[in-house]
Amino acid sequence: MARRKKIYEGKAKILYEGPEPGTIVQYFKDDATAFNAQKKDVIEGKGVLNNRLSEFFMTGLNNIGVPTHFLRRLNMREQLCRSCEIIPLEVIVRNVAAGSMSKRLGIEEGTQLPRPIVEYCLKNDDLGDPLVTEEHIAAFGWASQQDMDDIVHLALRVNDFLSGVMMAVGIKLVDFKIEIGRVYEGDFQRLVVADEISPDSCRLWDIESGKHLDKDVFRRDLGSLTDAYTEVAQRLGVLPRSAGTTKPTLIN
Ligand code: TMP
Ligand code: ASP
C-alpha cells in the first residue's frame, strides 16, 4: 500500500492526508517536549494514551453539541479528523493559577481564580508562543471579532464540560489549552475544536492529594508520565483498571 502523504509533523503528532477529501489522519507520537522543545524525551506509550484520551474528550464534546474536528479513532495511534485551517492561536483557559500565569503575575500556584480566565498565545515556536491580546489578534487579522466571540464561547463550554468530567473522577481541571480550526461548508465557515485534548495540554491535579496527573510530571521531573496518564485514563474508564498493572495470580 502506498504510504500516505505527510501534511505536517509537529512535536507530538504527525498529520497525514485522510482517505477522503476533507479528512486528515492524526498520528500520536511518543515524543514529549517542554519549554519549546528545549527538554525532549520519548515516553513509550504516551501517544497511545493521548490518542484514547483525546478521543474520549472530543467524543464527549461532539455529543453535547460542541463541534470538534474529531470523526473516529482508527487504531492505537491514529484518528480520523475533519481537515480544518488552524487559527494560529493557543487558547488557554485557567480556573486555578499555575504555570506561566503564576510566574508572570506572582500569584501562588493553586490559588483559585475568581472566574475562568481566557488567554491567547500566538502559535509561533520561533517566538516561544508569546501571549497576545484581542487587540493584537484583531489588528493583525489572525481572527475576526465574530471569530473571537465564537472562540470564547467554545473555550468556556469546553471548560465547563472538562471541569465536570474531571471533577466526577476526583481531578481538578486547573487549566488547559485548545486550538481552534475553521471548517468550510459551502460559503460558510464554522469554528471547531481541533488538535488534541489530553494531559499534554491540560493541568490536572488529584483533588485529594494535589498530585500532578499531566505533562508537568515531565516538565518538572515528578515521576512517571505514563503512570500519571494511565491513572487519568483508568479513572475516566477509558482503560480498564487492571491495564498494565496485573500480575499473575496463583490459583490454588
Ligand atoms: P502555561 O501555564 O505554561 O502557560 O500553560 C497553560 C496551559 O496550556 C497548560 O495546561 C499547559 C498548556 N500548554 C500547552 O498545551 N502547550 C504549550 O506549549 C504550553 C506552553 C502550555
Ligand atoms: N509544548 C511545548 C513544547 O514543546 C511546551 C510545553 O508544553 O511545555 O515545547
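Note that the coordinates shown come from a computational prediction; the quantities given were computed from them, not determined experimentally. Each residue takes its place number in the sequence, starting with 1. Computation of the quantities below employed the complete heavy-atom set of this structure, encompassing side-chain atoms and omitting hydrogens, waters and symmetry-equivalent molecules.
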Within a strict 4.5 Å, meaning less than it, do heavy atoms of the Gln26 and Asn51 side chains meet? no
Keeping the roles fixed (side chain from Asp41, backbone from Ala32), state whether a donor-acceptor pair exists under 3.5 Å. no
Flag side-chain contact, heavy atom, 4.5 Å: Leu131 against Cys121: yes
Contact between Ile180 and Asp150 at the side-chain level, heavy atoms closer than 4.5 Å - yes or no? no
Leu204 side chain near Leu173 side chain, heavy-atom distance below 4.5 Å: yes
List the steps and the verdict of side chain to side chain contact (heavy atoms under 4.5 Å, CB included) for Leu89 and Glu179. CA-CA 7 Å; Leu89 297 172; Glu179 296 184 20; over 6 Å; no
Look at the side chain of Gln234 and the backbone N and O of Pro240, then say whether any donor-acceptor pair between them is shorter than 3.5 Å. yes
Considering non-hydrogen atoms only, spot the tightest contact between Ala143 and Arg182 and give its length. CA-NH2, 4.1 Å
Whether Phe140 and Trp142 hold their rings parallel, tilted or perpendicular, with breakpoints at 30° and 60°: tilted
Interatomic distance, Leu154 atom CG to Ile178 atom CD1 [nearest 0.5 angstrom]: 6.5 Å
Please table the atom pairs, donor to acceptor, closer than 3.5 Å between any side-chain atom in residues 14-22 and protein atoms at least two apart or in another chain.
unit_1: Tyr16; atom_1: OH; unit_2: Arg3; atom_2: NH2; d: 3.3

Are more than 12 heavy atoms, taken from residues, nucleotides or ligands other than Lys103, located less than 6.0 Å from that residue's NZ atom? no
Quick check for you: to the nearest 0.5 Å, what is the distance between Phe56 atom CZ and Leu236 atom CG? 4.5 Å
Count I, L, V, M, F, W, Y as connected when their side-chain heavy atoms are under 4.5 Å apart, and connections chain through other members. Are Ile171 and Val93 then in the same cluster? yes
Got a second to check how far Glu196's CD is from Asn50's CG, nearest 0.5 Å? 5.0 Å
Quick check on the hydrophobic clustering: are Val158 and Leu53 connected, directly or via other members, by side-chain heavy-atom contacts under 4.5 Å? yes
Assess whether side chain to side chain contact (heavy atoms under 4.5 Å, CB included) is satisfied between Leu61 and Phe161, documenting all intermediate values. CA-CA 7 Å; Leu61 287 168; Phe161 170 76; 3.5 Å; yes
More than 12 heavy atoms of other residues, nucleotides or ligands under 6.0 Å from CD of Glu185: yes or no? yes
Asn159 and Asn95 side chains, donor-acceptor separation under 3.5 Å: yes
Are the side chains of Glu231 and Asp206 in contact, using a 4.5 Å heavy-atom criterion? no
Main-chain N/O of Thr59 paired to Asn62 side chain as donor or acceptor, under 3.5 Å: no
Over 12 non-hydrogen atoms of neighbours within 6.0 angstrom of CD in Glu208: no
If we count only N and O atoms by modelled type, under 3.5 Å, do the side chains of Ser102 and Arg94 hold a donor and an acceptor together? no
How long is the straight-line distance from CE of Met58 back to OG of Ser198, given to the nearest 0.5 Å? 9.0 Å
Any idea which heavy atoms bring Gly181 and Cys84 closest together, and the distance? CA-SG, 3.8 Å
How would you list all residue pairs meeting salt bridge (charged side-chain N to carboxylate O under 4.0 Å, His left out) that involve residues 152-167, not counting sequence neighbours? none
Point-to-point distance, once rounded to the nearest 0.5 Å, from CD1 of Ile107 to CD of Gln112: 12.0 Å
Minimum-distance pair of heavy atoms, taken over all atoms of Phe28 and Ser54: CZ-CB, 4.1 Å
Indicate if Tyr120 and Leu127 have the same hydrophobic cluster label, given that clusters are the connected sets of ILVMFWY residues with side-chain heavy-atom separations under 4.5 angstrom. yes
Mind checking whether Lys11 and Asp125 have side chains closer than 4.5 Å, heavy atoms only? yes
For Asn124 and Pro130, indicate whether the former's side chain and the latter's backbone hold a donor-acceptor pair under 3.5 Å. no
CA sep, side-chain torsions, deciding dist, call: Met101, Ile92, side chain to side chain contact (heavy atoms under 4.5 Å, CB included): CA-CA 11 Å; Met101 176 192 245; Ile92 295 167; over 6 Å; no
Which one of Asp195, Asp31, Asp30 satisfies the salt bridge (Lys or Arg N to Asp or Glu O under 4.0 Å) criterion with Lys13? Asp195
Of all heavy-atom pairs linking Asp214 and Cys202, the shortest is CB-O, 3.2 Å
Which atom of Leu122 lies closest to which atom of Pro88, heavy atoms considered: CD1-O, 3.4 Å
Tell me whether Phe188 at atom CZ has more than 12 heavy atoms from other residues, nucleotides or ligands lying less than 6.0 Å away. no
Going through the checks in order, is the side chain to side chain contact (heavy atoms under 4.5 Å, CB included) test met by Arg190 and Arg82? CA-CA 12 Å; Arg190 210 154 62 98; Arg82 296 188 68 170; 3.5 Å; yes
Just checking Lys29: does its NZ atom have more than 12 heavy atoms from other residues, nucleotides or ligands closer to it than 6.0 angstrom? yes
According to a hydrophobic-cluster definition based on side-chain heavy atoms being under 4.5 Å apart (Ile, Leu, Val, Met, Phe, Trp, Tyr only), do Leu213 and Met166 belong together? yes
Looking at Asp175 and Arg203, is any side-chain nitrogen of the basic one under 4.0 Å from a carboxylate oxygen of the acidic one? yes
Side-chain heavy atoms of Val96 within contact of Trp205, under 4.5 Å: yes
May I ask you to test the Val232-Leu49 pair for a side-chain heavy-atom distance under 4.5 Å? no
If you look at every heavy atom in Val183 and Val192, which pair is closest and at what distance? CG2-CG2, 3.7 Å
Test item: side-chain donor near acceptor, Thr230 and Asp227, under 3.5 Å: no
Do other residues, nucleotides or ligands put more than 12 heavy atoms under 6.0 Å from the NZ atom of Lys40? no
Is Arg220 salt-bridged to Glu109, cutoff N-O under 4.0 Å? yes
Would you list the pairs meeting salt bridge (charged side-chain N to carboxylate O under 4.0 Å, His left out) in which at least one residue belongs to residues 42-64, sequence neighbours left out? Lys46-Asp200, Arg52-Glu55, Glu55-Arg73
Mind checking the NE2-CG spacing from His69 to Leu191? Nearest 0.5 Å is all I need. 14.0 Å
Verify the cluster assignment for Ile87 and Val66: are they in a single hydrophobic cluster under the rule of side-chain heavy atoms below 4.5 Å apart? yes
